Amino acid sequence: MPRGEHDWLDSDAGPVVRPYAVTGGRAKPVVGGFDLVAFVVNASDGAGPRHLQPEHYAILARTREPVTVAELASHLDLALGVVRVLLGDLLQQGLIEMHEPVYEQSVGPQRPDDRILKAVVNGLRSL
C-alpha cells in the first residue's frame with residue numbers, strides 16, 4: 001500500500017464509512033418510528049447546534065421543505081436505518097417536525113397487507 005493510503009479509502013468511491021460509525025453503533029432511533037412516507041420538516045430557525053454530525057446538517061438542509069423519510073434517505077445516499085436514527089436525534093432536540101400518515105380502518109387510506117409488501121420487496125430485489 002503506497003504511503004498515505006488507507007484500506008478504508010477507495011479512489012473510485014471515496015472514503016468508506018460504515019453505517020454504524022455514522023450512528024455511533026445505534027440501530028434504532030431514540031424517539032419516533034418514522035414511517036417511510038412520513039413527512040419531515042425542519043423546525044429550527046437556524047443551522048442547528050454546533051455538536052451535530054455532517055449528516056445531521058445535511059438532513060436539516062434537505063428538510064427546509066417537507067420531504068418523506070424515503071426521499072430523504074435517497075437524496076442523502078444513506079441507508080434508511082441510518083436516516084431513522086439521525087432523525088430520532090433531531091426530533092429529540094426539537095430541530096425537526098414529523099408528520100406521520102394516519103391509517104384508519106374505517107375511513108381514509110389503509111395500510112397495505114404485509115403479504116403485498118413482501119411481494120413488492122421480493123420483486124424489486126429480483127430486478
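Keep in mind that what you see is a predicted model, and the values were worked out from it rather than measured. Counting begins at 1 with the first residue of the sequence.
Placement of L52 and L76 within a single hydrophobic cluster is found when ILVMFWY residues are connected by side-chain heavy-atom separations under 4.5 Å, directly or transitively. Hydrophobic cluster membership is shared by Y57 and V67, with clusters built from Ile, Leu, Val, Met, Phe, Trp and Tyr side chains linked at under 4.5 angstrom. Linking Ile, Leu, Val, Met, Phe, Trp and Tyr residues whenever their side-chain heavy atoms come within less than 4.5 Å places V69 and L72 in a single cluster.
Interatomic distance, I59 CD1 to L86 CG, rounded to the nearest 0.5 Å: 4.5 Å. Distance CG/L60 to CG/L90: 5.0 Å, rounded to 0.5 Å.
Pairs engaging residues 63-84 under the salt bridge (charged side-chain N to carboxylate O under 4.0 Å, His left out) rule: none recorded [sequence neighbours left out]. Sorted by first and then second residue, the pairs that involve residues 87-99 and meet salt bridge (charged side-chain N to carboxylate O under 4.0 Å, His left out), not counting sequence neighbours, are R26-D89.
A side-chain contact (heavy atoms from CB on, under 4.5 Å) with Q93 is found for exactly one of L95, I96, L91, namely L95. Of the listed residues (L87, V83, L80), just one forms a side-chain contact (heavy atoms from CB on, under 4.5 Å) with F34, and that residue is L87.
Counting only distance, with no hydrogens or angles, the side chain of H56 and the backbone of Q53 share a donor-acceptor pair below 3.5 Å.
Remark: F39 pairs with P66, T68, H99 by the side chain to side chain contact (heavy atoms under 4.5 Å, CB included) rule, at least two apart or across chains.
For the residue pair G94 and A43, the shortest heavy atom distance occurs at O-CB, 3.9 Å.
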